[in-house]
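Residue numbering restarts at 1 for every chain, and letters A, B, ... go by the order of the sequence lines. These numbers were taken from a predicted model, which means no experiment stands behind them.
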2 protein chains.
Amino acid sequence: MSAIETRERLLSTALELIWQSNYSSVGVNEICKQAGVTKGGFYHHFESKAQLFCEATDYYWKSVKKDFDALFSPSNSSLEQLENVLAFILRTKLDEENDDIPGCAFFSAGTQCGNNEEKIQEALREMSNASVRYNLSLVRALAGDGYLEDNVDHERAARYMHQYIQGVLIYGKVHRNLPLVRDDLPEAVYRLLGLKREYWFSAKPT
Amino acid sequence: MSAIETRERLLSTALELIWQSNYSSVGVNEICKQAGVTKGGFYHHFESKAQLFCEATDYYWKSVKKDFDALFSPSNSSLEQLENVLAFILRTKLDEENDDIPGCAFFSAGTQCGNNEEKIQEALREMSNASVRYNLSLVRALAGDGYLEDNVDHERAARYMHQYIQGVLIYGKVHRNLPLVRDDLPEAVYRLLGLKREYWFSAKPT
DNA sequence: TAGAATACATACCGGTCGGTATGCTCGTCA
DNA sequence: TGACGAGCATACCGACCGGTATGTATTCTA
């Protein structure tokens with residue numbers, strides 16, 4: 001096993017475990033064990049658990065970014081893009097086979113780390129901002145195509161969407177109720193974006 | 001100091017500390033120290049940390065319930081009730097003097113406890129449901145007074161509101177940006193509830 | 001007023017935490 | 001071919017975790 005393989009295995013394993021529970025309750029030992037790497041190996045590649053988490057955040061975002069770039073591809077209409085995003089969230093964040101529903105592990109981690117772990121919060125802020133930026137581009141596309149009501153502030157709408165999605169995922173986790181999330185998510189986002197009613201559920205994800 | 005005083009001090013101290021950070025990172029020792037109670041005292045009153053958290057949840061909800069009952073008082077118009085709730089959230093969840101913004105400690109705790117701590121999730125679900133019930137009564141009042149657009153499913157709207165509020169609080173915490181939350185919260189809720197536009201920001205909290 | 005129950009205080013337990021010190025084993029390059 | 005650093009493995013550290021065992025005042029009760 002090469003060096004960068006080991007690194008990536010630690011990163012992806014950490015991601016997996018943190019998604020399953022959360023930052024503070026996933027120990028370095030557990031990550032190492034699951035990844036088949038010893039502690040010496042871990043601390044050869046990462047100087048601390050917090051740094052691992054930061055790098056894992058980047059690692060995660062890079063993979064999501066690829067998906068997002070595909071979802072938001074200009075080859076799709078703006079309405080298709082919207083449905084793509086909603087379907088993507090329901091597909092990836094909510095695993096049907098696993099009965100427990102993780103909120104976005106990263107943003108809920110923002111509520112966990114102590115204030116000393118400033119770097120972590122910084123990484124989360126960046127990812128949050130990047131995510132909102134994608135939403136913003138979507139909102140502008142929708143507005144440009146005339147799908148939104150007039151009085152919609154684009155920046156606000158992009159934030160609303162992001163904020164709501166975080167909230168509904170937590171709700172889903174607490175209630176362990178996947179179908180409810182599936183049911184609530186689209187309409188709530190339509191409302192927050194000010195999507196004209198005749199376009200609700202009007203497109204299929206590609 | 002009487003026995004029930006000690007109990008309540010442990011509960012309220014635990015609440016305070018958990019609000020400031022989170023369930024898993026607040027230790028029993030810290031709670032005891034802050035409350036001026038020894039560990040023996042703690043385990044005399046509570047059989048475990050998890051049980052304390054459950055009781056603290058009830059304790060918290062009882063105090064919130066009082067406020068809610070006042071906010072939702074029929075002596076206020078439905079629009080006033082709505083503004084009361086929004087103002088209440090901004091006032092209590094977001095402390096101006098403290099620059100860090102806690103998400104709702106309890107619901108974010110739902111993403112923290114392991115699956116073995118089933119009792120905790122149960123307590124959170126109950127509180128969540130109770131909270132949604134208050135929202136529902138508000139939605140019905142607003143609808144009865146003709147403030148909402150026609151196509152609003154009441155149960156859905158009540159959930160949307162609850163879900164969004166959790167999300168925006170987490171967003172505020174990650175970004176440490178109180179004014180943004182203050183700005184976003186009302187309009188987003190108006191949209192989710194389907195409040196007719198002419199009534200936005202039309203009432204003052206009482 | 002004896003005694004039992006309550007309400008703690010003190011000391012300590014095994015386990016786990018994040019992190020480290022040290023040594024070994026390779027491939028690389030002079 | 002031999003020195004050297006990258007890439008680990010092993011063993012271990014002190015701090016802290018939730019929880020317990022046991023002793024001791026105080027209060028209630030009979």
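No hydrogens or angles considered: nothing links the side chains of A:S24 and B:S25 as a donor-acceptor pair under 3.5 Å.
Not counting sequence neighbours, the partners of A:Y171 by the ring pair (Phe, Tyr, Trp, His ring centres under 6.0 Å) test are A:H175, B:H162. For B:D69, the side-chain hydrogen bond (donor to acceptor under 3.5 Å, both in side chains) partners two or more places apart in sequence, or in a different chain, are B:K65, B:Y134. With sequence neighbours excluded, no residue satisfies ring pair (Phe, Tyr, Trp, His ring centres under 6.0 Å) with B:Y59. Applying the salt bridge (charged side-chain N to carboxylate O under 4.0 Å, His left out) rule to B:R140 yields the partners B:E155; only residues at least two apart in sequence or on another chain are considered.
The CZ atom of A:F42 sits 22 Å away from the P atom of D:dC12 (whole-angstrom rounding). The interatomic distance linking A:K33 (NZ) with D:dT10 (P) rounds to 15 Å, in whole Å. If you measure from atom CG of A:L10 to atom P of C:dG19, you get 14 Å, rounded to the nearest angstrom. Atom-to-atom, CZ of A:F53 to C1' of C:dC17 comes out at 18 Å; the value is rounded to the nearest Å.
With ring centers used as reference points, B:Y147 lies under 6.0 Å from B:Y199.
Between D:dC8 and A:H45, a contact under 4.0 Å exists linking OP1 or OP2 to a side-chain N or O. Side-chain nitrogen and oxygen atoms of B:T6 include at least one within less than 4.0 Å of the OP1 or OP2 phosphate oxygen of C:dC8. Under 4.0 angstrom from either OP1 or OP2 of D:dC8 there lies no side-chain N or O belonging to A:H44. The side chain of B:N29 contributes no N or O atom lying less than 4.0 Å from OP1 or OP2 of D:dC16.
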| query | What string of B, S and - do you get for nucleotides 21-28 of chain C, 5' to 3', when a contact is any protein heavy atom under 4.0 Å? | reply | --------
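Listed nucleotides: C:dA9, C:dG18, D:dG18. Nearest to the side chain of B:V28: D:dG18. Here the nucleotide nearest the side chain of A:Y43, chosen from D:dC8, C:dG18, C:dC8, is C:dG18.
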Return all side-chain donor-acceptor pairs below 3.5 angstrom for residues 34-49 of chain A, not counting sequence neighbours, or 'none' if the list is empty.
residue : atom : partner : partner atom : Å
A:K39   : NZ   : A:N29   : OD1          : 3.2
A:S48   : OG   : A:A50   : N            : 3.4
A:S48   : OG   : A:Q51   : N            : 3.1
A:K49   : NZ   : A:Y23   : O            : 3.1
A:K49   : NZ   : A:V26   : O            : 3.1

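Heavy-atom distances to DNA chain C give each of A:K49 and B:R7 a nearest nucleotide, and the one nearer the 5′ end belongs to B:R7. For the pair A:E47 and A:E30, both in contact range of DNA chain C, the more 5′-proximal nearest nucleotide belongs to A:E30.
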